[in-house]
Structure formats: C-alpha cells, structure tokens
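Worksheet for the structure shown next.
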Amino acid sequence: MAFFLGQSSLVNHFRSYQQKTQASMAVPTRAFHVELGDREKALLAKDPSLSRFKSYKKSVSTLKRIGDVLTVVVVAGCCYEIYVKAVMREEARNKAKAGGGSK
C-alpha cells in the first residue's frame, strides 16, 4: 500500500476523483419543477373500471380480524390435541405399570 501512495500521479488521481464526486453531490439533480404532461396526468387519473378491485380499509381490517381469530382457534385446537394425547399416553403407562406389577 505504501508503494501506491508513494506515486504522486496515483495520489493525485484519487484526490481529483474525490473532488469530482463531492462537487457532483453538491449540485441538485432537479432544480426546477416541471409540470406533468398530458400522458402523465392520464396515467395518474383514477380509472373507474378498476374501482371494483380496490380493497377498502374496513373490509380488509375485518378480514384480518377473522384470520387472526381462526389462527388462534387452530392453534388452541392443536394444543388441546397434544395435551389429550399426552394424558392418554401417561394413563396407558400407569395402567401398564400397575398391570405389570400385580403379576
């Protein structure tokens, strides 16, 4: 690295590049507001044929709430099934121990 820094032309090149980038950042890319043309205005205008595909906030929030409730119900059902299977397995082990010990 010291070899590269020792060459003055390379150092000058990096310095000039740094000055160019700093100068280009100082100039704003869009200085003036340009009014939209007819085509841009037409593209940004509301299209009545697309209004039936618009999702309304109230219906979307209701649908989210229903999805959340269904998720909670499914998770609760899964937890209950796991609990029931664990209890049944424990009862079966206890019966096996009690039956095996009485012989």
Side-chain angles (χ1 to χ4, degrees):
M1 190 69 181
F3 171 75
F4 291 119
L5 293 178
Q7 296 181 359
S8 63
S9 64
L10 188 60
V11 172
N12 289 336
H13 173 71
F14 284 128
R15 285 183 185 157
S16 65
Y17 177 74
Q18 185 180 12
Q19 289 172 354
K20 286 179 186 176
T21 57
Q22 288 176 353
S24 66
M25 288 183 185
V27 177
T29 56
R30 294 184 68 183
F32 300 104
H33 174 70
V34 178
E35 191 64 35
L36 295 176
D38 293 334
R39 184 167 187 237
E40 287 86 4
K41 288 180 182 178
L43 288 172
L44 292 174
K46 288 189 176 183
D47 191 0
S49 63
L50 297 176
S51 63
R52 65 184 177 138
F53 298 109
K54 183 178 179 183
S55 62
Y56 295 96
K57 287 186 179 183
K58 191 171 185 178
S59 62
V60 170
S61 64
T62 303
L63 188 61
K64 282 183 182 179
R65 185 171 290 127
I66 291 171
D68 291 342
V69 168
L70 286 175
T71 303
V72 169
V73 168
V74 168
V75 169
C78 290
C79 291
Y80 178 73
E81 285 293 323
I82 292 170
Y83 171 75
V84 167
K85 287 194 182 223
V87 168
M88 295 286 240
R89 185 177 293 156
E90 190 66 31
E91 287 178 2
R93 284 183 187 160
N94 289 339
K95 284 183 183 179
K97 283 183 183 179
S102 63
K103 288 186 178 179

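In what follows, every heavy atom counts, from backbone to side chain, and hydrogens, waters and symmetry copies are set aside.
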Worksheet item: So with a 6.0 Å cut-off around CG of Asp47, is the heavy-atom count from everything else above 12?
Response: yes
Response to the item:
To the nearest 0.5 Å, atom CG of Leu43 lies from atom CG of Asp38 at 11.0 Å
Discussion item. Could you tell me if the side chain of Glu40 sits less than 4.5 Å from the side chain of Glu35, heavy atoms only?
Written reply: no
Discussion item. Name the residue from Lys95, Glu91, Glu90 that meets the side-chain contact (heavy atoms from CB on, under 4.5 Å) definition with Arg93.
Written reply: Glu90
Discussion item. According to a hydrophobic-cluster definition based on side-chain heavy atoms being under 4.5 Å apart (Ile, Leu, Val, Met, Phe, Trp, Tyr only), do Tyr80 and Met88 belong together?
Written reply: yes
